[in-house]
> 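Okay, here's the structure, questions in a sec.
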Amino acid sequence: MHTLLIVDDDPDVLAALRRAFRKGYNVLTADNGSAAISILNEQTVHLIICDQRMPGVTGEQVLEHALFKQPDAVRILLTGYSDMESLVACVNEAHIYKYVAKPWDPQELSFTVARALDAYDLKRRLDEAQGLLESAYEDAVLMLCIAAEGKDEDTSSHLYRVRHYTETLAIAMGVPAEQAEHMGLMSMLHDIGKLSVPDEILKKPGKLSDDEWVVMKTHSMAGVRILGGNMFYGTAREICAGHHENYDGSGYPYGIKGSDIPLSARIVKVADVFDALTTKRPYKDAWPVERAMAEINDKKSIMFDPDIVVQMQKLFETGELRAILDMGEEAAVARFHPKKAV
Ligand SMILES: [Fe+2]
């Protein structure tokens with residue numbers, strides 16, 4: 001059952017509205033703004049009908065508080081006088097669903113409330129569906145990564161760290177937070193194309209022959225093919241294709257350079273190489289962070305975008321890079337995939 005909060009300093013109005021909605025709704029009432037704010041702080045409310053002009057805390061202030069405290073609750077303003085300026089300000093600032101002039105038409109008000117609550121329920125169902133869809137996409141990414149890890153020596157902690165370095169660097173490069181988060185998730189797919197590289201090459205303990213290198217290098221574009229045409233994986237395709245390109249054009253598969261390489265791929269390249277250098281691999285020990293950072297600086301403008309290296313250096317100086325490196329798998333999973341950490 002939906003809960004309505006009715007706020008008015010006139011006891012007759014309050015009683016009339018309570019009578020009008022007591023059937024079919026859980027009705028709460030407040031005869032002043034402070035009492036309404038207390039209710040909003042303590043109970044979930046689905047819709048508020050609030051008088052505009054009240055002594056003390058005004059209707060505008062109550063609805064603004066509701067916007068902050070319970071942003072999904074529908075806000076209806078009951079107004080007994082026609083001060084257009086203050087009405088417009090109230091509608092704009094408190095994002096009011098509708099204003100109703102006193103005296104109101106009971107049938108019309110009851111219809112307005114029912115329609116507003118239908119919209120509220122629909123939005124909640126859409127939010128739930130979107131949340132489910134997003135977690136399904138994220139699970140699909142993780143499943144693909146886990147499948148690829150089975151073929152490679154990389155551990156999942158490597159992928160989580162690359163994700164965190166990528167997201168942090170993207171934000172440092174001015175990418176909006178939501179896009180940076182998505183880029184971080186997509187970075188985990190950078191080597192998904194290794195699924196198509198035969199094990200005898202992927203897991204070969206010694207150096208690869210020239211012919212084997214040719215096969216190994218196909219993993220960039222193999223990743224693009226595996227990800228298919230879905231728009232959701234657009235950034236991941238850029239990353240797969242571009243994470244072995246070099247800033248000076250000496251990389252593969254296409255030898256493109258500079259800003260022709262997508263920003264996402266330039267960022268993941270730094271993140272991936274830094275993590276490979278600072279962690280133990282079958283063919284090398286873990287390098288100290290200082291040595292890895294010096295190597296990244298040495299390859300500035302050759303392998304790496306110099307602007308990204310500058311941001312990386314700043315993160316190194318603030319201790320952020322070491323914090324990510326020391327995070328450990330459990331903390332990384334908790335940070336990026338809280339549902340899996342439970
Ligand atoms: Fe790769």
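Residue numbers run from 1 in the order of the sequence given. All of these numbers come straight from a predicted model, not from anything done at the bench.
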> Closest heavy-atom contact between Gly193 and Ala222?
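Reported closest heavy-atom pair: O-CB, 3.8 Å.
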> Between Ser209 and Asp211, is the side chain to side chain donor-acceptor pair (under 3.5 Å) condition met? List the steps.
CA-CA 5 Å; Ser209 70; Asp211 286 348; 5.4 Å; no
> Going hydrophobic residue to hydrophobic residue with side-chain gaps under 4.5 angstrom, can you get from Val270 over to Tyr247?
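As far as the 4.5 Å side-chain criterion goes, Tyr247 and Val270 are not connected within one cluster.
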> Closer than 4.0 angstrom, basic N to acidic O: yes or no for Arg124 and Asp72?
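Salt bridge between Arg124 and Asp72, a charged N being under 4.0 Å from a carboxylate O: no.
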> State the CD-OG distance between Glu245 and Ser220, to the nearest 0.5 angstrom.
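Answer for the CD-OG pair, Glu245 versus Ser220, is 7.5 Å.
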> Show the nearest heavy-atom pair for residues Ala180 and Ile171, with the distance to one decimal.
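Between these two residues, the closest heavy atoms are CB-CG1, 3.5 Å.
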> Thinking salt bridges, do Asp121 and Arg125 make one under a 4.0 Å N-O criterion?
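Here Asp121 does not pair with Arg125 in a salt bridge, since their nearest N and O are not under 4.0 Å apart.
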> Rounded to the nearest 0.5 Å, what separation is found between the OG1 atom of Thr112 and the NZ atom of Lys98?
4.0 Å
> With Phe111, which of Arg115, Glu108, Gln107 fulfils side chain to side chain contact (heavy atoms under 4.5 Å, CB included)?
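In the set Arg115, Glu108, Gln107, the residue that makes a side chain to side chain contact (heavy atoms under 4.5 Å, CB included) with Phe111 is Arg115.
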> Side chains of Tyr233 and Met186: closer than 4.5 Å at any heavy-atom pair?
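With C-beta onward as the side chain, the pair touches.
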> Could you check whether any side-chain N or O of Arg18 sits under 3.5 Å from a backbone N or O of Val27, counting only pairs where one atom can act as donor and the other as acceptor?
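No, Arg18 side chain to Val27 backbone: no donor-acceptor pair under 3.5 Å.
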> Kindly assign one of parallel, tilted or perpendicular to the pair Phe232 and His182, based on the angle between their ring planes and the thresholds 30° and 60°.
perpendicular
> Which heavy atom of Ala36 sits nearest a heavy atom of Leu5, and at what distance?
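It is O-CD2, 4.0 Å.
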> With no hydrogens and no angle check, is any side-chain donor or acceptor of Gln70 less than 3.5 Å from a backbone partner on Gln43?
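Checked: pair present.
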> Got a salt bridge between Lys102 and Asp8, using NZ or NE/NH1/NH2 to carboxylate O under 4.0 Å?
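Salt bridge between Lys102 and Asp8, a charged N being under 4.0 Å from a carboxylate O: yes.
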> Is there a path of hydrophobic side-chain contacts, each under 4.5 Å between heavy atoms of I/L/V/M/F/W/Y residues, joining Met221 to Leu227?
no
> Within the 4.5 Å heavy-atom criterion, are Glu134 and Tyr137 side-chain neighbours or not?
no
> If hydrophobic clusters are built from ILVMFWY residues whose side chains come within less than 4.5 Å, do Val224 and Ile239 share one?
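Shared cluster, no.
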> For the residue pair Leu47 and Ile76, establish whether any side-chain heavy-atom pair is separated by less than 4.5 Å.
yes
> Any carboxylate oxygen within less than 4.0 angstrom of a Lys/Arg side-chain nitrogen, looking at Arg322 and Glu290?
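Here Arg322 pairs with Glu290 in a salt bridge, since their nearest N and O are under 4.0 Å apart.
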> Please tell me if the side chains of Asp51 and Val13 come closer than 4.5 Å, counting only heavy atoms from C-beta onward.
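They are not in side-chain contact.
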> Got Val62 and Leu40 here, is their nearest side-chain heavy-atom distance under 4.5 Å?
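Yes, side chains in contact.
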> Mind checking whether Met173 and Val310 sit in one hydrophobic cluster, side chains of I, L, V, M, F, W, Y counted as touching below 4.5 Å?
no
> Relative to each other, are the rings of His2 and Tyr25 parallel, tilted or perpendicular (30° and 60° limits)?
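His2 vs Tyr25 ring planes: tilted.
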> Does Trp213 belong to the same Ile/Leu/Val/Met/Phe/Trp/Tyr cluster as Ile201, with side-chain heavy atoms less than 4.5 Å apart forming each link?
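Cluster IDs for Trp213 and Ile201 match.
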> Quick check on Tyr254: does its OH atom have over 12 non-hydrogen neighbours (other residues, nucleotides or ligands) under 6.0 Å away?
no
> Please find the pair of heavy atoms, one from Ala30 and one from Ile39, that lie closest to each other, and give the distance.
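Ala30 and Ile39 have their closest heavy atoms at CB-CD1, 4.2 Å.
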> Taking the side chain as C-beta and beyond, is there a heavy-atom pair between Asn41 and His65 under 4.5 Å?
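Result yes, sub-4.5 Å side-chain heavy-atom pair found.
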> Please say whether more than 12 non-hydrogen atoms of neighbouring residues, nucleotides or ligands are located less than 6.0 Å from OH in Tyr99.
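No - once you tally the heavy atoms of other residues, nucleotides and ligands closer than 6.0 Å, there are 12 at most.
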> Is there a side-chain contact between Leu263 and Ile308 in this structure, where contact means two heavy atoms from C-beta onward sitting under 4.5 Å apart?
yes
> I'd like to know if Glu295 and Arg291 make a salt bridge, using a cut-off of under 4.0 Å between side-chain N and carboxylate O.
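Not counted as a salt bridge, because no side-chain N and carboxylate O are separated by less than 4.0 Å.
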> Does the side chain to side chain donor-acceptor pair (under 3.5 Å) test come out yes or no for His243 and Asp191, once each step is laid out?
CA-CA 9 Å; His243 75 284; Asp191 270 341; 3.0 Å; yes
> Just to verify, which of Lys269, Lys299, Lys257 counts as forming a side-chain hydrogen bond (donor to acceptor under 3.5 Å, both in side chains) with Asn246?
Lys269
> Please tell me if the side chains of His219 and His244 come closer than 4.5 Å, counting only heavy atoms from C-beta onward.
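Heavy-atom side-chain distance check passes, below 4.5 Å.
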> Nearest heavy-atom pair of Ala271 and Tyr165: which atoms, and what distance?
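Answer, listing the atom of Ala271 first, then Tyr165: CB-CB, 3.6 Å.
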> Are the side chain of Arg266 and the backbone of Gly242 linked by a donor-acceptor contact shorter than 3.5 Å?
no
> Identify the two heavy atoms, one from Met303 and one from Val273, that lie closest to each other, and give their separation to 0.1 Å.
CE-CG2, 4.4 Å
